[in-house]
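Notes to accompany the following structure.
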Amino acid sequence: MTQSFALQADVPAPADAARRRGRGAVSNASGRFEPYARIEEDDGWDSLGDLPPFRTEVALEKARTAITRNQSPDIAFDRSINPYRGCEHGCVYCFARPTHAFLGLSPGLDFESKLTAKPNVADLLRRELAAPNYKPRTIALGTNTDPYQPIERTHRLTRKILEVLEETRHPVGLVTKSALVLRDLDILARMATQGLAKVAISITTLDPKLAREMEPRAPTPSRRLATVAALAQAGVPVTVLTAPIIPSLNDHEIDRLLEAAHGAGATEAGYVLLRLPNEIKDLVQEWLLERHPGKVRRILSLVRDTRGGKLYDSGWGVRQTGEGPVAWMIGRRFEAAAKRLKLDRRRLRLRTDLFTPPRGTGGRIQEQLNLFG
């Protein structure tokens with residue numbers, strides 16, 4: 001095999017289908033911060049067939065902080081924790097993919113196969129919660145990558161985080177599409193009885209074939225609905241997120257999806273219109289060309305109609321829901337269905353008045369300092 005180099009603007013060639021079996025992205029182009037793109041090119045001896053498949057690799061990172069802050073007016077939280085970088089679920093539309101470019105890796109296949117775990121995240125969290133000036137507000141888990149992706153079974157970092165939050169009676173909101181969240185139902189149910197926990201389950205479609213195409217290593221839609229039911233039966237408040245809604249691909253499912261979510265026990269619902277920032281626009285177009293070639297022009301045209309003629313608009317207030325007639329119709333359809341099913345109630349506010357600083361080393365020192373005023 002030989003390798004040639006081209007400017008990053010060149011369109012990447014799809015990776016061999018056998019090598020990326022079970023993955024979401026079609027290609028593995030370098031991130032936008034790299035000056036050159038490496039292109040795999042057969043040398044005439046079928047050498048590309050000798051390359052190994054993309055296997056999941058996990059690197060360990062000694063994180064410096066646990067809690068990440070944000071000031072975006074588009075989201076309902078100002079702090080979050082992400083115990084992992086990258087996500088093995090392989091959702092082709094994932095808005096977190098471009099963050100892999102900061103690591104010198106590809107937002108494509110690297111994002112779902114070259115992962116990073118932060119084994120010290122729970123210890124850092126304990127230290128940060130013990131800070132004398134810390135003021136509790138709901139911490140979001142799963143805002144960038146799924147905290148219950150498959151490698152959580154081994155590393156158990158989300159479980160450790162929840163143990164610290166339960167100990168300190170700190171409110172937490174989880175976002176996931178994995179049934180693995182039920183492993184921690186003991187903690188979540190106890191916290192929920194105190195008004196300290198809620199869970200959002202992402203369900204993009206009820207069609208198992210489409211779900212497998214878009215989210216190849218995530219649980220099936222039926223499994224996610226069963227997860228909603230199990231959480232609700234245990235007393236954990238559940239929101240269902242229909243995210244993303246892709247015009248002409250899954251928008252026709254809004255009513256049926258919300259009806260299924262309501263039947264399973266969800267009490268709130270939300271949606272996000274497809275977002276195509278940075279490298280995601282190329283990854284999604286490649287995926288559409290391979291999986292839904294007859295719909296590519298139609299889908300991209302509708303996306304542009306919702307983004308002021310562009311594929312993406314990052315402006316606050318419009319990046320989540322879009323604007324224009326198409327976005328308006330999707331929004332009104334969702335709102336009408338949510339209202340009919342009583343899923344449009346205001347977001348449940350978790351309690352912060354029960355917070356108790358951790359009693360680890362930092363907590364004991366702070367208690368001693370408090371004796372002296």
Side-chain angles (χ1 to χ4, degrees), residues 11-32 40 51-58 82 84-101 103 105-116 142-152 175-180 201-221 223-224 241-246 249-250 272-293 295-296 299-300 303 311-312:
V11 178
D16 181 72
R19 292 185 63 212
R20 55 184 167 86
R21 183 179 180 183
R23 302 292 179 177
V26 174
S27 68
N28 203 38
S30 302
R32 63 189 183 280
E40 294 176 352
L51 293 174
F54 288 90
R55 300 190 184 282
T56 301
E57 303 172 8
V58 183
N82 290 288
Y84 303 105
R85 297 182 191 272
C87 186
E88 196 176 0
H89 281 159
C91 304
V92 69
Y93 53 76
C94 181
F95 67 86
R97 282 182 177 273
T99 61
H100 245 45
L103 305 177
L105 298 171
S106 172
L109 291 161
D110 281 349
F111 177 81
E112 51 197 280
S113 60
K114 293 185 178 180
L115 314 178
T116 301
T143 58
N144 208 37
T145 58
D146 200 312
Y148 286 105
Q149 60 177 290
I151 60 173
E152 166 64 14
V175 181
T176 182
K177 49 173 57 79
S178 175
L180 184 57
I201 301 295
S202 174
I203 307 178
T204 311
T205 176
L206 296 178
D207 181 349
K209 181 177 181 295
L210 180 58
R212 182 62 63 205
E213 291 175 346
M214 287 198 297
E215 310 154 339
R217 299 203 176 192
T220 62
R223 186 80 185 279
R224 288 182 235 180
L241 297 177
T242 56
I245 291 178
I246 304 175
L249 189 64
N250 67 346
V272 177
L273 196 64
L274 177 66
R275 297 170 54 186
L276 298 176
N278 301 315
E279 294 92 342
I280 301 177
K281 65 180 182 299
D282 299 321
L283 292 168
V284 169
Q285 287 182 77
E286 294 164 6
W287 177 82
L288 285 170
L289 283 168
E290 180 175 85
R291 298 287 187 171
H292 299 275
K295 292 186 175 183
V296 178
I299 291 173
L300 295 182
V303 169
L311 285 178
Y312 185 58

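For this chain, numbers begin at 1 and follow the sequence in order. Remember, predicted model here, so these are calculated numbers, not experimental data.
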Just so I know, are the side chains of [X] and [Y] near enough to count as touching, which here means a heavy-atom distance under 4.5 Å?
X: Gln285; Y: Leu311; value: yes
X: Leu241; Y: Val272; value: no
X: Tyr84; Y: Leu115; value: no
X: Thr145; Y: Arg85; value: no
X: Thr143; Y: Val175; value: no
X: Glu213; Y: Asp207; value: no
X: Ser27; Y: Leu283; value: yes

Whether Arg23 engages the ring of Phe54 as a cation-pi pair (distance to the six-membered ring centre under 6.0 angstrom, angle to the ring normal within 45°) should be assessed. no

Rounded distance [0.5 Å steps], [atom1] in [X] versus [atom2] in [Y]:
X: Thr204; Y: Met214; atom1: OG1; atom2: CE; answer: 5.0 Å
X: Glu279; Y: Asp282; atom1: CD; atom2: CG; answer: 7.5 Å
X: Thr176; Y: Gln149; atom1: OG1; atom2: CD; answer: 9.5 Å
X: Thr99; Y: Asn82; atom1: OG1; atom2: CG; answer: 9.0 Å
X: Arg55; Y: Lys114; atom1: CZ; atom2: NZ; answer: 14.0 Å
X: Ile201; Y: Lys177; atom1: CD1; atom2: NZ; answer: 10.0 Å

Does a donor on one side chain sit under 3.5 Å from an acceptor on the other, for Asn28 and Ser106?
yes

Nearest heavy-atom pair of [X] and [Y]: which atoms, and what distance?
X: Pro216; Y: Cys91; answer: CD-N, 4.4 Å
X: Pro219; Y: Ala179; answer: CG-N, 3.7 Å
X: Pro221; Y: Pro208; answer: CD-CA, 4.1 Å
X: Pro107; Y: Ala29; answer: CD-O, 3.9 Å
X: Arg224; Y: Ala218; answer: NH2-CB, 3.8 Å
X: Val26; Y: Trp287; answer: CG2-CA, 3.7 Å

* Applying side-chain contact (heavy atoms from CB on, under 4.5 Å) between Glu112 and each of Arg97, Glu88, Arg217, His89, report the one that passes. =>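 With Glu112 as partner, Arg97, Glu88, Arg217, His89 yield a single side-chain contact (heavy atoms from CB on, under 4.5 Å), made by Arg97.
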
Exercise. For a side-chain contact (heavy atoms from CB on, under 4.5 Å) with Leu210, tell me which candidate from Arg291, His292, Glu215 qualifies.
Key: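 Single side-chain contact (heavy atoms from CB on, under 4.5 Å) partner of Leu210 among Arg291, His292, Glu215: His292.
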
Next item on the list: Show your working on side chain to side chain contact (heavy atoms under 4.5 Å, CB included) between Phe95 and Leu276 and close with a plain yes or no.
Entry: CA-CA 7 Å; Phe95 67 86; Leu276 298 176; over 6 Å; no

ask   = His100: what forms a ring pair (Phe, Tyr, Trp, His ring centres under 6.0 Å) with it, not counting sequence neighbours?
value =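 Applying ring pair (Phe, Tyr, Trp, His ring centres under 6.0 Å) to His100 gives Phe111.
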
- [ ] Look only at the side chain of Asn250 and the backbone of Pro244, and say whether a donor-acceptor pair between them is shorter than 3.5 Å.
- [x] yes

